[in-house]
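Worksheet for the structure shown next.
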Amino acid sequence: MSPTTLAGPAAAALASLSSQDIAFLEALPKAELHAHLNGSIPINTLLDLANAHPPEDPHLPSDIFTYLKRLQAGVVLSEPSDFFMLFPAIYALTSTPEALAIATRAVLESFLCPQALSGATQCTYLELRTTPRSTPHMSRYVYLTTVLAEIDKFPGASLIISIDRRMSDSDVRECVDLAISLHGEGRKVAGLDLCGDPTKGDMSTFEPHFKRAKKSGLGLTVHIAELPTSAVSECFTLLDWYPDRLGHATFLDDATKATYFMGSGAAFFTSCNGNGVKYQPSIPSKYTPCVEICLTSNLLWVSTVPSLDAHHIQYYLEKDHPIAISTDDTLPFRTSLLAEYALLLAKPPLGIGLTHSEVAKIAQMSLDSRFTDDTAV
Ligand SMILES: CNc1ncnc2c1ncn2[C@@H]1O[C@H](COP(=O)(O)O)[C@@H](O)[C@H]1O
């Protein structure tokens with residue numbers, strides 16, 4: 001199964017590498033820790049699902065093939081919402097247990113099975129995340145057990161259950177209850193994620209649910225500070241859950257990073273939260289949550305990052321802070337994990353220009369930051 005079409009900055013970086021560099025990247029054990037299931041379905045699988053769909057289904061957009069062709073050719077994401085509007089059509093194609101199983105299998109194969117030409121896999125370990133949806137054809141429980149049945153077939157794969165910021169309190173409760181009970185039954189549920197449109201939702205209301213998930217032994221990862229408009233007070237709310245990992249963290253300001261991540265215990269930071277109240281977090285002595293870095297996603301989604309030079313990865317590299325290079329959504333961003341690693345190795349301006357040993361160290365950081373110790377090698 002070949003991964004999705006490669007194009008854009010990551011493809012250009014990959015094309016600039018020598019065959020020795022590519023062989024080095026392919027052989028490197030690495031973990032993909034930030035991949036959204038419905039954003040990572042190979043385009044050919046979606047086309048197959050669309051072809052197999054009953055044409056009279058009122059839930060399927062009538063222009064589904066035009067939409068899929070547009071996705072394949074590359075979408076322009078000028079507004080934050082342009083990105084989230086891509087998903088309803090994909091959801092229409094993965095709304096039955098049968099279709100969801102096909103899509104999940106294709107995603108798992110694209111990351112964990114040897115590629116046709118090189119014989120290499122994208123990664124040695126995958127934490128695939130997805131938001132449990134109830135549809136006219138399945139409950140959230142059936143959604144999750146369908147995905148887990150596919151994950152069970154792949155050594156080195158685990159599930160992270162995503163909570164969408166637009167969910168109601170009762171939806172969040174249901175999803176977290178399911179995460180805790182499936183994890184307790186020994187299913188391959190490794191953690192809980194917070195994702196979705198960063199302009200939506202009041203995250204303080206999610207706090208009790210994320211805290212009880214953490215208490216039950218699930219790993220926590222949260223999308224944080226994705227937009228320049230992301231409120232500092234919300235960042236404090238999320239950081240006070242002490243997530244094990246942070247997604248993107250693009251606009252986490254330097255004062256907040258210094259305060260939370262230096263973690264000296266003596267670090268003292270008073271600032272005003274959104275209500276104008278003096279705020280002093282009590283930080284564990286060594287809090288260094290791994291930051292899940294999705295380079296192409298940051299470059300293409302409303303250009304939250306204008307260039308690799310300006311990318312916040314530079315801060316974490318300088319501080320030797322754990323990071324995990326990840327793809328986010330291979331389908332709209334037309335990338336692969338190998339191509340994301342190519343962005344580290346390629347010479348500027350196509351890439352960051354790191355050495356082989358620096359890239360190997362980063363790959364090891366991704367393995368060290370996984371929520372389980374299961375790998376495919
Ligand atoms: C810019 N990067 C991102 N930021 C925030 N949320 C994202 C995202 N990329 C994907 N998602 C979230 O993942 C869902 C699709 O996969 P699942 O249906 O869960 O498998 C999207 O609907 C969105 O809520």
Side-chain angles (χ1 to χ4, degrees), residues 1 35-42 45-46 48-54 56-61 64 84 86-112 126-196 206 209-210 212-213 216-221 329 331 371-372 374:
M1 172 71 58
H36 297 268
L37 194 166
N38 281 282
S40 309
I41 305 170
T45 305
L46 286 177
D48 289 348
L49 289 172
N51 276 316
H53 216 87
E56 68 281 4
D57 185 339
H59 300 295
L60 195 68
I64 187 73
F84 298 98
L86 296 174
F87 288 95
I90 298 174
Y91 288 163
L93 291 170
T94 58
S95 65
T96 65
E98 296 75 24
L100 178 64
I102 290 169
T104 306
R105 202 174 317 137
V107 174
L108 289 161
E109 284 173 357
S110 72
F111 281 108
L112 290 166
L126 167 68
E127 279 171 12
L128 184 62
R129 58 185 72 188
T130 197
T131 319
R133 263 180 299 132
S134 65
T135 75
H137 310 284
M138 60 186 160
S139 63
R140 287 200 167 100
Y141 175 79
V142 171
Y143 184 103
L144 287 173
T145 50
T146 301
V147 172
L148 283 166
E150 295 305 318
I151 284 183
D152 283 344
K153 297 173 190 163
F154 289 79
S158 298
L159 177 66
I160 294 178
I161 296 181
S162 292
I163 302 298
D164 191 303
R165 296 173 61 107
R166 288 159 290 193
M167 281 180 179
S168 67
D169 185 67
S170 62
D171 289 344
V172 180
R173 181 185 304 279
E174 183 190 351
C175 292
V176 174
D177 285 349
L178 285 168
I180 292 173
S181 66
L182 289 164
H183 175 71
E185 287 164 24
R187 303 300 301 266
K188 289 168 88 179
V189 178
L192 199 70
D193 163 48
L194 173 72
C195 73
F206 288 22
H209 300 299
F210 275 79
R212 70 193 172 90
S216 79
L218 287 162
L220 283 199
T221 175
D329 299 274
L331 176 63
F371 289 151
T372 79
D374 180 21

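Because the structure is a prediction, the values reported are computed rather than measured.
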- Enumerate the residue pairs fulfilling salt bridge (Lys or Arg N to Asp or Glu O under 4.0 Å) with a member in residues 139-149, sequence neighbours excluded, ordered by first and then second residue.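 Output for this query lists R140-D171, R140-E174.
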- Test log, rule side-chain contact (heavy atoms from CB on, under 4.5 Å), inputs L144 and V189: CA-CA 10 Å; L144 287 173; V189 178; over 6 Å; no
In Å and rounded to the nearest 0.5 Å, what is the [atom1] to [atom2] distance from [X] to [Y]?
X	Y	atom1	atom2	answer
L100	H137	CG	NE2	12.0 Å
L192	I161	CG	CD1	7.0 Å
E109	T104	CD	OG1	11.0 Å
I90	S95	CD1	OG	13.0 Å
R166	F84	CZ	CZ	6.5 Å
T94	N38	OG1	CG	4.0 Å

- Message: Set out, in order, the CA-CA distance, both residues' side-chain angles and the distance that settles side-chain contact (heavy atoms from CB on, under 4.5 Å) for V176 and L218, then state yes or no.
- Response: CA-CA 10 Å; V176 174; L218 287 162; 5.9 Å; no
- Side chains of T145 and R187: do they bring a donor and an acceptor to under 3.5 Å?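 The answer is no; no qualifying pair exists.
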- Task: Establish, from distance only, whether the side-chain atoms of Y143 and T135 form a donor-acceptor pair under 3.5 Å.
- Result: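 No pair is found: no donor N or O on one side chain lies under 3.5 Å from an acceptor on the other.
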- Taking H36 for the side chain and D329 for the main chain, is one N or O donor matched with an acceptor at less than 3.5 Å?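 No; zero donor-acceptor contacts below 3.5 Å.
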- Query: Is the backbone N or O of A190 less than 3.5 Å from a side-chain atom of E127, with the two atoms forming a donor-acceptor pair by type?
  - Reply: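 Checked: no pair found.
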- Just say parallel, tilted or perpendicular for the rings of F206 and F210, cut-offs at 30° and 60°.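 Ring orientation, 0 to 90° scale: parallel.
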- Item | Candidate pair H209 and I163, rule side-chain contact (heavy atoms from CB on, under 4.5 Å), full reasoning | CA-CA 10 Å; H209 300 299; I163 302 298; over 6 Å; no
- Task: Please step through side chain to side chain donor-acceptor pair (under 3.5 Å) for the pair T45 and R105, ending with a clear verdict.
- Result: CA-CA 10 Å; T45 305; R105 202 174 317 137; over 6 Å; no
- Query: Does a sphere of radius 6.0 Å around OH in Y91 hold more than 12 heavy atoms from other residues, nucleotides or ligands, not counting ones at 6.0 Å or beyond?
  - Reply: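 Enclosed.
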- Query: Do NZ/NE/NH1/NH2 and the carboxylate oxygens of D169 and R173 come within less than 4.0 Å?
  - Reply: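 Between R173 and D169 there is a salt bridge, with a charged N closer than 4.0 Å to a carboxylate O.
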What I'd like to find out is whether the side chain of [X] reaches to under 4.5 Å of the side chain of [Y], using heavy atoms alone.
X	Y	result
V172	C175	no
M138	T96	no
M167	T131	yes

Closest heavy-atom pair and its distance - [X], [Y]:
X	Y	result
A35	L128	O-CD1, 3.6 Å
L93	I64	CD1-CD1, 4.0 Å
T146	P97	CG2-O, 3.4 Å
L220	A213	CD2-CB, 4.3 Å
L37	V107	O-CG2, 3.9 Å

